[in-house]
Structures are given as C-alpha cells and as structure tokens.
Visitor: 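Submitted below is the structure of interest, expressed as structure tokens.
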Amino acid sequence: MALRVYNTLTGSKEEFAPLEPGKVKMYVCGVTVYDHCHIGHARANVVFDMIYRYLRHSGYEVTYVRNYTDIDDKIINRANQEGVPYNVISERYIAEFDRDMAALALDLPTHQPKATEHIAEIIEIIQRLIDKGYAYDVEGDVYFSVEAFNPYLKLSKRNLEEMQAGARIEVGEKKRHPMDFALWKGSKPGEPYWESPWGKGRPGWHIECSAMSMKFLGETFDIHGGGKDLVFPHHENEIAQSEAANGKPFVRYWLHNGFVNINAEKMSKSLGNFFTIKEVLEKYDAEVLRFFLLSAHYRSPIDFSDQNLKESEAGLERIYKALAGIDDALAAGAGAGRTDEELAEKVGTLDERFREAMDDDFNTAQALGYVFDLVRAVNRVLAEGGCDGALLAQARDAIRQVGRVLGIITSEADAFVERLQGRKAAELPVAVEEIERMIEERNAARKAKDYGKSDEIRDRLLALNIVLLDSPQGTSWKVK
RNA sequence: GGCGGCGUCGCCAAGUGGUAAGGCAAAGGUCUGCAAAACCUUUAUUCACCGGUUCAAAUCCGGUCGCCGCCUCCA
C-alpha cells in the first residue's frame, strides 16, 4: 500500500508521490529563537522528525531542511530588554533549542539554515518580486501586494473581503492594501540592519522561508510542514512570495500538526499556559514525553496533563518490561523447542501492520496499538513458560524496529526502568540507607513470623510512596 | 461575524460504509504469610442529540446542542 498524506492545500488525503522518484524534499518551519521552547514546539518537531524517519524507513532519500528564525522583532525586543546585541539572544536560544531537540532524540535535519545567513538570497527574491510587479517599496519598507497574486489565501481557504471584515487588521498607512505584508522592514535607529537597495533594514518574517527552501530544495519541493497556526499568515505568504517570484508551484504537500492543549485550550505564549520542554524534562523522561506526543494522531489536538504523562510512562514501561522479560527468558533458555501460533502470527505481521498504519497519514497511535498487541502476546507466552528463543528474539527485534522508526524504545530495558526509578527516588524525603535499614528490620520480623510488625513497617514505607516487592531473591523496593 | 475542526468505555485514544484496536484505571483469577509487583481474564449491542440515505452508518447527508482553533505574533 502506498503512503497517503493529508494535504492542507486540498483538504484531503492523497497518495504521496515525490517529484523525483525515491527522493523527498521537505521543509519545516523552525522556531524564532527568542525564548525557551515549550511543549508545542516539542510536538511539531517530534512529529516531523517521526515523518522524516518514516520516509527514510520507507526507502526515500530525504533532504530535510529546518530553519532558525534568528532575526525578528521579538528577538530585538528581548535584546533591548537585556541590553545586549540581538545575536546574543538568538545564539543563546539556538543552543537551547538544539539541547532540547537532542534530549527528545531528534535526528538532525540535512540542513539547518539561519535567516541572517541568507540576506543576499532574500534581497534577490524581493527584487524579483518588485520587478515582476508583485511588490512595492515605500520609504524603506517593501510590501507584497496581495491583490497582485490571485491565488492568495488558497491554502487557508478564505477570501480578502472576509479577512478585511475581521476588523482586527490595522491599516498601515504605507500599505496599499491592509492585507499586504512586509518583505523588508526599514530599520529604526539602534536596530540591527543589513544594506539593501531600499536602504538599511531587515527581512520580514515570511520571506526567509521562501529564500532558504528555494536555496536548499529548489523552486518546487515535496513537503512543507509546521504547526496548524502557521497556515495563515505564514504559509499563505510563503506561497505568495515563492509562486509569484518563480511562476511555479511552490509545495506539493502541506502538512500541519495539531496543537498541544492545556485543559482543552491551546498552549501558547500569549495565553501564558505553557510549559517549557526543559521544565517537563525535569519531571518526566524525554522518551516518555516523546511517546506521549506520538500516542495521538499528529493532526489531532493532544491534551497535556500530569495524568496523561503518567499514563504514557506506564504504557512505555509495559513495553520495556516485556522486552526485559524476553531477555530473561532468552538467558534462561526457557521453553526451548516450543512454539506459539498467536505469537508467531503477531510477530510475523507487525511490520506489515505498522507500515499500513503509518502509510495512512502517519497514524502513530494505531501503530503503537499494534505494538501493544504483540506485547500482550509476548507476556502471555512468557507467563506460560516461554517458547523457542528464535521466536522470542524475533518478537524483540520487531518491537525494536518499530521503536527505531518512531524514535522510542531505544534504551536497554533495564536501563529505562532504572532511569525512571532513579528520577523518582531523587524526590524521596528519606535516604536510601534508611529505606534499606527498614527493609532489613521488616525481613527480620518476617523471618520471626511477626507479621504484625512487618506489615507495620511496610505501611510506613508505603506512606512515603515506597512500595516493597518481595521475591524469592529477596526484597526490593520502588517508588510508587 | 467569516472559515475550519472536534464530540467514541471512568480517563487517554484508533477506527471515514460491513457490524467498536490499543493504553491507563477498575474488577475477578494465578502467585503470596498477607500484600505489592508481574501475568491472565473481563469491562462500550454502542460511538453528543434528532431525522434521512442504504441490505448495512461511529463512518455519508440535513438539522440541533456543546467544545476548540484560525482570522493578530504563535509549533
């Protein structure tokens, strides 16, 4: 079955066929580097990382470009607040972004261009737009004339009259039409600037993406992605600039991810209801966060909450425990020579079902459901005494393979469980030595069959969120 | 106001015409001194509501209600 993707431009799922067979050219709007990234940024980047990985897994050679917007009003504001040059701000938050993305196990894009390194290309396109009559300069600013570009608003499916009726648009005196947008902004005193045919200034927000995508991917390329909130105006304006300048279709498939919500409301800077990636990673394992973000379809909204993160943690732990169980069974050689029809069937079809789910517009939620199907079969077989090692090893490899493509389940099973426990143990109000002393005391009581005392100790530990696990090998403990 | 999306078990979440995946939680069982953990099993005749089309609808159409997003910087 061929890959089908939902294209915002057509509003429907379409069979994916790249311009050049076997090769995919993909551009995703990165961040404006003026502050820490929040979970919404994490989602967008994880989603397109997953798409990047799956395309490669499907045999495509992918050129993936993700930019940094490193010059912008917000960066300048921030720099002014702190009394530092703008690039101190942008460089700081580029480093932060890189750290966050690395923590979330993102693969590096093929290119990560910066707007400020492409000023010459930007100026060239603006000049071309002016020459072709799509743009005009006024007192050091250059604007794109939306009325000159007929297909304007084809992506967001609106029309100019409606947009104006919205009344929230301020009519800049310099603009010929209230919807016209800036390609070049003349600089005010004290602001960073670059020389241009229209005077000292800096690029507008949208033009950088047209310039950089053209440079690295050509005038027409396959996939352009970003959050839903970029559909208008950012992507709409990119289309206008690029198609007007080149006279060719810009992008073949537009992909947009849904928002991260807090209590069913969009997480955003302006609402102030956001969590930074850094904050969340202090509390949850990065792999858990990634698993959470992939547990819903990328176009659906996903609700960020403590409970949901905990559920993801439990779910991921379930997968790891099955893998640990396989390792143990393989080491022990239990059940050699036995087979299991259901397990064999699930193992044999996981890859096929995974592809089927992913080929349907990257349905990671469905794909994870199939992984859990196999996990359940594995657990059942292990509980029944195991089966032939080769089949168990295949089950493990099948699960790991899916994990590799999604960028999860990449740790050693034991290491993951220990990581989670270490994280929780660090928050305990008691020292580990004290816990172990109490456990010894309890075991002494149990040996003496003084169960009243042993249960009392257990309850005391439970009150501290510590759960005891008795086994023939002795008593271990974990944080609830 | 315009445009778009959503409403599936207590919670999360797949499913776009063929008779409801999966996870969490819960209950029962195995195990255990008792527990916990682990594992197994069970848990929506029903998909916001009302009509319609169809042999067949959560899925298509019309209407109602509720929620959300975009229209302004935003992943």
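Just so it is clear, the model here is predicted, and its values are computed rather than measured. In what follows, chains carry the letters A, B, and so on, assigned in the order in which the sequence lines appear, proteins first and then strands, with residues in each chain numbered from 1.
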Visitor: Within the distance-only criterion (no hydrogens, no angle test), does the side chain of A:Asn67 pair as donor or acceptor with the backbone N or O of A:Glu208 below 3.5 angstrom?
Guide: no

Visitor: Return the pairing partner of B:C60 with a 3.5 Å limit on both distances, Watson-Crick or G-U wobble; otherwise return none.
Guide: B:G52

Visitor: Mapping A:Asn45 and A:Ala264 to their closest nucleotides on RNA chain B, which lands nearer the 5' end?
Guide: A:Ala264

Visitor: When all nucleic acid strands are considered with a 4.0 Å heavy-atom cut-off, which category describes A:Gly227: base, sugar-phosphate, or nothing?
Guide: sugar-phosphate

Visitor: Answer with base, sugar-phosphate or nothing: what part of the nucleic acid does A:Arg158 contact at a heavy-atom distance below 4.0 Å?
Guide: base

Visitor: At under 4.0 Å, does any side-chain N or O of A:Lys266 touch on OP1 or OP2 of B:C70?
Guide: yes

Visitor: Kindly give the atom pairs (protein nitrogen or oxygen, nucleotide nitrogen or oxygen) under 3.5 Å for nucleotides 14-19 of chain B.
Guide:
residue : atom : partner  : partner atom : Å
B:A14   : OP1  : A:His297 : N            : 2.7
B:A14   : OP1  : A:Ser300 : OG           : 3.4
B:A14   : O3'  : A:Asn363 : ND2          : 2.8
B:A14   : O2'  : A:Gln366 : OE1          : 2.9
B:G15   : OP1  : A:Asn363 : ND2          : 2.7

Visitor: Which part of the nucleic acid, if any, lies within reach of A:Leu230 when heavy atoms closer than 4.0 Å are counted: base, sugar-phosphate only, or nothing?
Guide: sugar-phosphate

Visitor: Heavy-atom count check: over 12 atoms from other residues, nucleotides or ligands less than 6.0 Å from A:Lys424 NZ?
Guide: yes

Visitor: Taking the nucleotide of RNA chain B with the closest heavy atom to each, which residue, A:Arg43 or A:Gln307, is nearer the 5' end?
Guide: A:Gln307

Visitor: Quick one: look up who B:U46 pairs with, Watson-Crick or G-U, both distances under 3.5 Å, and put none if it's unpaired.
Guide: none

Visitor: Using the P atom on both, measure B:C47 against B:G10 and round to a whole Å.
Guide: 13 Å

Visitor: Taking atom P of B:C12 as reference, at what distance in whole Å does atom CZ of A:Phe304 sit?
Guide: 16 Å

Visitor: What is the distance from CD1 of A:Ile302 to P of B:G23, rounded to the nearest Å?
Guide: 17 Å

Visitor: Expressed in whole Å, how much space separates the P atoms belonging to B:G29 and B:C67?
Guide: 44 Å

Visitor: Report yes if some heavy atom in the side chain of A:Tyr86 is under 4.5 Å from a heavy atom in the side chain of A:Thr116; otherwise report no.
Guide: yes

Visitor: Within this structure, what is the CD-to-P distance between A:Glu236 and B:G4, rounded to whole angstrom?
Guide: 14 Å

Visitor: May I ask you to decide whether A:Arg4 forms a salt bridge with A:Glu14, counting only side-chain N to carboxylate O separations under 4.0 Å?
Guide: no

Visitor: Please classify the nucleic acid contact of A:Phe259 as base, sugar-phosphate, or nothing, using heavy-atom distances under 4.0 Å.
Guide: base

Visitor: Touch check for A:Lys157, heavy atoms < 4.0 angstrom, all strands: base, sugar-phosphate only, or nothing?
Guide: sugar-phosphate

Visitor: Quick one: look up who B:G69 pairs with, Watson-Crick or G-U, both distances under 3.5 Å, and put none if it's unpaired.
Guide: B:C3

Visitor: So, A:Asp455 and A:Arg442, do they make that salt bridge, N to O below 4.0 Å?
Guide: no

Visitor: Between B:G5 and B:A26, how far apart are the P atoms? Round to whole Å, please.
Guide: 38 Å

Visitor: Is it the case that the side chain of A:Glu236 and the backbone of A:Leu153 share a donor-acceptor pair, with hydrogens and angles ignored and the cut-off at 3.5 Å?
Guide: yes

Visitor: Return no unless some side-chain N or O of A:Asn379 is found under 4.0 Å from OP1 or OP2 of B:C39.
Guide: yes

Visitor: Report, one pair per line, the protein and nucleotides 30-33 of chain B atoms (nitrogen or oxygen only) whose separation is under 3.5 Å.
Guide:
residue : atom : partner  : partner atom : Å
B:G33   : O6   : A:Arg446 : NE           : 3.2
B:G33   : N1   : A:Asp455 : OD1          : 3.0
B:G33   : N2   : A:Asp455 : OD2          : 2.9

Visitor: Rounded off to whole Å, could you give me the CD-to-P distance for the A:Glu313 and B:A25 pair?
Guide: 11 Å

Visitor: Counting heavy atoms from C-beta on, name the nucleotide in B:C12, B:C40, B:A75 closest to the side chain of A:Asn257.
Guide: B:A75

Visitor: Paired with B:A27: which nucleotide, if any, by Watson-Crick or G-U wobble criteria at under 3.5 Å for both distances?
Guide: B:U41

Visitor: Please examine the side chains of A:Glu436 and A:Trp477, heavy atoms only from C-beta on, and report whether any two atoms are closer than 4.5 Å.
Guide: yes

Visitor: Looking for any heavy atom pair under 4.0 Å, which part of the strands does A:Asp229 touch: base, sugar-phosphate only, or nothing?
Guide: base

Visitor: What nucleic acid atoms does A:Val260 come within less than 4.0 Å of, heavy atoms only: base, sugar-phosphate, or nothing?
Guide: base

Visitor: To the nearest 0.5 angstrom, please state how far the CD atom of A:Glu440 sits from the CD1 atom of A:Ile457.
Guide: 11.0 Å

Visitor: Do the side chains of A:Asp180 and A:Lys174 get close enough for a salt bridge, i.e. N-O under 4.0 angstrom?
Guide: no

Visitor: Send over the distance from A:Leu309 CG to B:C11 P, rounded to a whole Å.
Guide: 19 Å

Visitor: Counting just side-chain N and O atoms, does A:Arg376 come under 4.0 Å of either OP1 or OP2 of B:G22?
Guide: yes

Visitor: Before you tell me yes or no, could you show the steps for A:Ile466 and A:Val430 under side-chain contact (heavy atoms from CB on, under 4.5 Å), namely the whole-Å CA-CA distance, both residues' side-chain angles and the distance that decides it to 0.1 Å?
Guide: CA-CA 10 Å; A:Ile466 294 159; A:Val430 277; 4.0 Å; yes

Visitor: What integer number of Å spans the C1' atoms of B:G1 and B:C55?
Guide: 45 Å

Visitor: Classify the nucleic acid contact of A:Gly225 as base, sugar-phosphate or nothing, counting any heavy atom under 4.0 Å across all strands shown.
Guide: nothing

Visitor: State the CZ-NE2 distance between A:Phe216 and A:His111, to the nearest 0.5 angstrom.
Guide: 5.5 Å

Visitor: So with a 6.0 Å cut-off around CD of A:Glu345, is the heavy-atom count from everything else above 12?
Guide: yes

Visitor: Applying a 4.0 Å non-hydrogen cut-off, can you work out what A:Asn308 is touching in the nucleic acid: base, sugar-phosphate, or nothing?
Guide: sugar-phosphate

Visitor: Side-chain donor-acceptor pair under 3.5 Å between A:His38 and A:Thr276, yes or no?
Guide: no

Visitor: For B:U59 and B:G18, measure between their C1' atoms and round to the nearest Å.
Guide: 11 Å

Visitor: Decide yes or no on side-chain contact (heavy atoms from CB on, under 4.5 Å) for A:Asn257 and A:Arg299, but give the supporting numbers first.
Guide: CA-CA 5 Å; A:Asn257 64 276; A:Arg299 282 190 287 120; over 6 Å; no

Visitor: Is the count of non-hydrogen atoms from other residues, nucleotides or ligands lying under 6.0 Å from A:Asn263 atom CG greater than 12?
Guide: no

Visitor: Between A:Leu160 (CG) and B:C70 (P), how many Å, whole number?
Guide: 20 Å

Visitor: From CD of A:Glu456 over to P of B:A35, roughly how many Å is that when rounded to an integer?
Guide: 19 Å

Visitor: Going by heavy atoms closer than 4.0 Å, what residues in residues 318-333 of chain A are next to RNA chain B?
Guide: A:Arg318, A:Lys321

Visitor: What is the pairing partner of B:A14, taking Watson-Crick or G-U wobble pairs with both distances under 3.5 Å in any strand?
Guide: none

Visitor: For B:A48 and B:G66, measure between their C1' atoms and round to the nearest Å.
Guide: 8 Å

Visitor: Between B:U32 and B:A13, how far apart are the two C1' atoms, rounded to whole Å?
Guide: 35 Å

Visitor: Within this structure, what is the CD1-to-C1' distance between A:Ile399 and B:G22, rounded to whole angstrom?
Guide: 14 Å

Visitor: Rounding to the closest angstrom, what is the interatomic distance between B:A75 and B:C70 at atom P?
Guide: 12 Å

